[in-house]
Engineer: 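Have a look at this one before I ask anything.
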Amino acid sequence: MTIPDLPPATLRLRIDAQALAANWRALDTMSGSASTGAAVKADGYGVGAEQVVPVLRDAGARHFFVAHWSEVPAVLRHVPASQVSVLHGVISDREAAFARATGVTPVINSVEQAAIWNAAGGGACHLMVDSGINRLGIRPSELGEGAIERLQVDILMSHLASADEDTAQNRDQLEVFRTVTLHKSARAYSLANSAGIALGPDYAFDLTRPGLSLYGGIARPELAGRISQVVYPEAAVLQAHDLQAGDKVGYNAIYTASAPIRTATISLGYADGFLRCRGPGAALQHEGRELPILGRVSMDMVVIDCTGSPELKNGDFVQVPFDIHALSMTSKMSQYELLTSLGKRFSRN
């Protein structure tokens, strides 16, 4: 028996490649004389590393940052290993051996990681210095440790904790990092993420590392009008219903029809990143018309009022609004959460 092709997905993610490339170019322009890399961790911030890496490469990016070693293969299919860096560094001999065998560059985050890397044979690496976020990175006081001094540091970097806010911590971290650059030589220095780029040229150094704003996130007000939406989710109608007054919808029956209405059950739920907090008061769209969500969002489905779009039938697609800056205000989810919670069930193109 010949197995037929897999049926088309009832969830699809349209990716505006031109907007993605334009976002990188806008951030590159704002970075001034600094080179501009691209954070493509978390499967390209949920958009899909396989889809975004070639676009960013063709736009001009030459430094790609992932968090986990498991994220490396998808990136290596599109760019040379010398352009790929792993932010979590090497916490075992196996990771160090993999880095040396592939040519992917680890970001060293501790004296212990430095020792592992040196014992494996060393070579070019990046070094993260903790300038105040207290997450990953060596303390400035550890720069003189023997294992750190033996490193062949390509990029010396740090990470801003509160660049999306106007806070004294930004300037404090900048001053710490400036001092570090005077005491540890490297080919290049890097501090700014998307929000850090918007803080101005003092934060750019030699390389910026945007992530969120590549994919449509407005990390600071200065980026509004420069950054465009990249991701456009759509979901299919599974079934249409005619409800009568008094009929209840969904788990716990929190919605009761007050009059006859036409509804549609949509192939979308919290397993696809459409969490319950995005349901109340929200709506999907079809041909510019809003279709209010009724009742609770469930794992795989939502129900909408499609009385205003009676032509909707099984298999038709409706649009899921995805201006992530606006959605973060109404859903109380961060822009990062909205992007990275997009599920694997979306077809991506």
Side-chain angles (χ1 to χ4, degrees), residues 23-41 45 53 56-57 59-67 75 79-90 99 104-110 113-114 117 123-140 142-143 148 151-164 169-214 219-220 223:
N23 289 347
W24 183 86
R25 288 192 292 267
L27 293 161
D28 186 47
T29 297
M30 293 179 70
S31 297
S33 61
S35 299
T36 305
V40 295
K41 58 186 178 178
Y45 280 56
V53 171
L56 295 167
R57 175 202 64 204
R62 294 295 179 267
H63 296 274
F64 297 87
F65 296 90
V66 298
V75 183
V79 299
S82 60
Q83 297 182 5
V84 182
S85 306
V86 179
L87 293 163
H88 286 183
V90 288
V104 171
T105 307
V107 178
I108 302 302
N109 294 293
S110 67
Q113 287 194 12
W117 184 241
C125 64
H126 306 321
L127 177 63
M128 179 70 73
V129 177
D130 180 8
S131 58
I133 194 171
N134 286 303
R135 198 172 61 172
L136 281 179
I138 68 165
R139 297 187 181 279
E142 294 176 316
L143 286 170
I148 300 297
L151 293 175
Q152 182 185 329
V153 179
D154 182 36
I155 301 171
L156 181 67
M157 61 180 67
S158 191
H159 193 73
L160 294 163
S162 306
D164 57 340
Q169 187 179 20
N170 295 327
R171 181 60 59 173
D172 291 343
Q173 285 192 261
L174 175 62
E175 293 307 318
V176 169
F177 190 61
R178 279 177 170 163
T179 300
V180 166
T181 66
L182 299 176
H183 293 90
K184 183 64 177 178
S185 61
R187 182 189 61 80
Y189 300 93
S190 177
L191 177 63
N193 53 7
S194 294
I197 291 171
L199 289 175
D202 286 350
Y203 291 81
F205 289 87
D206 301 308
L207 172 69
T208 61
R209 310 187 312 269
L212 176 68
S213 291
L214 293 172
R220 283 186 61 90
L223 293 166

Engineer: Please list all pairs passing the salt bridge (Lys or Arg N to Asp or Glu O under 4.0 Å) test where one or both residues lie in residues 80-90, with sequence neighbours left out.
Structural biologist: none

Engineer: With a 3.5 Å distance limit and no angle check, can you tell me whether Trp117 reaches the backbone of Gly123 through a side-chain donor-acceptor pair?
Structural biologist: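 Checking the backbone N and O of Gly123 against the side chain of Trp117, a donor-acceptor pair under 3.5 Å is found.
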
Engineer: Sort and list the pairs that fulfil salt bridge (Lys or Arg N to Asp or Glu O under 4.0 Å) and have at least one residue in residues 123-140, not counting sequence neighbours.
Structural biologist: none

Engineer: Holding to side-chain contact (heavy atoms from CB on, under 4.5 Å), I want the full list of residues that pass it with Asp154, two or more places apart in sequence or in another chain.
Structural biologist: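 Residues passing side-chain contact (heavy atoms from CB on, under 4.5 Å) with Asp154: His126, Arg187.
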
Engineer: List for me each residue that meets ring pair (Phe, Tyr, Trp, His ring centres under 6.0 Å) alongside His88, sequence neighbours excluded, and say none if there are none.
Structural biologist: His68

Engineer: Check ring pair (Phe, Tyr, Trp, His ring centres under 6.0 Å) between Tyr45 and all other residues, then give those that pass, not counting sequence neighbours.
Structural biologist: Tyr215

Engineer: Please name the pair of heavy atoms, one in Ile108 and one in Leu127, separated by the smallest distance, quoted to 0.1 Å.
Structural biologist: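 Nearest pair, atom of Ile108 first, then Leu127: O-CD1, 3.4 Å.
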
Engineer: Going by the rule side-chain hydrogen bond (donor to acceptor under 3.5 Å, both in side chains), which residues pair with Ser162 if we only count those two or more places apart in sequence or in a different chain?
Structural biologist: Gln169

Engineer: Can you list everything that forms a side-chain contact (heavy atoms from CB on, under 4.5 Å) with Pro201? Sequence neighbours excluded, please.
Structural biologist: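 Per chain and number, Pro201 pairs via side-chain contact (heavy atoms from CB on, under 4.5 Å) with no residue.
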
Engineer: Any ring-ring contact (aromatic ring centres under 6.0 Å, His included) pairs touching residues 181-207, not counting sequence neighbours?
Structural biologist: Phe177-Phe205

Engineer: Measure across Ser110 and Ile148 and return the closest heavy-atom pair with its distance rounded to 0.1 Å.
Structural biologist: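 What the structure gives for the nearest pair is O-CD1, 4.2 Å.
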
Engineer: Minimum heavy-atom separation for Lys184 and Leu151, please, with both atom names.
Structural biologist: NZ-O, 4.4 Å

Engineer: According to the side chain to side chain donor-acceptor pair (under 3.5 Å) rule, which pairs have a member within residues 24-35, sequence neighbours left out?
Structural biologist: Asp28-Thr36, Ser31-Thr36, Ser31-Thr208

Engineer: Could you report the tightest heavy-atom contact between Thr181 and Leu156, atom names first, then the distance?
Structural biologist: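 In this case the closest contact between Thr181 and Leu156 is CA-CD2, 4.4 Å.
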
Engineer: In chain order, what residues pass the side-chain hydrogen bond (donor to acceptor under 3.5 Å, both in side chains) check against Arg57, with sequence neighbours excluded?
Structural biologist: none

Engineer: On a heavy-atom basis, which atom in His159 and which in Leu191 lie closest, and how many Å separate them?
Structural biologist: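 Taking His159 first and Leu191 second, the nearest heavy atoms are N-CD1, 4.2 Å.
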
Engineer: Does Glu175 have any side-chain contact (heavy atoms from CB on, under 4.5 Å) partners at least two apart in sequence or in another chain, and if so, which?
Structural biologist: Arg171, Arg178

Engineer: Not counting sequence neighbours, which residues clear side-chain hydrogen bond (donor to acceptor under 3.5 Å, both in side chains) with Ser190? List them please.
Structural biologist: Arg209

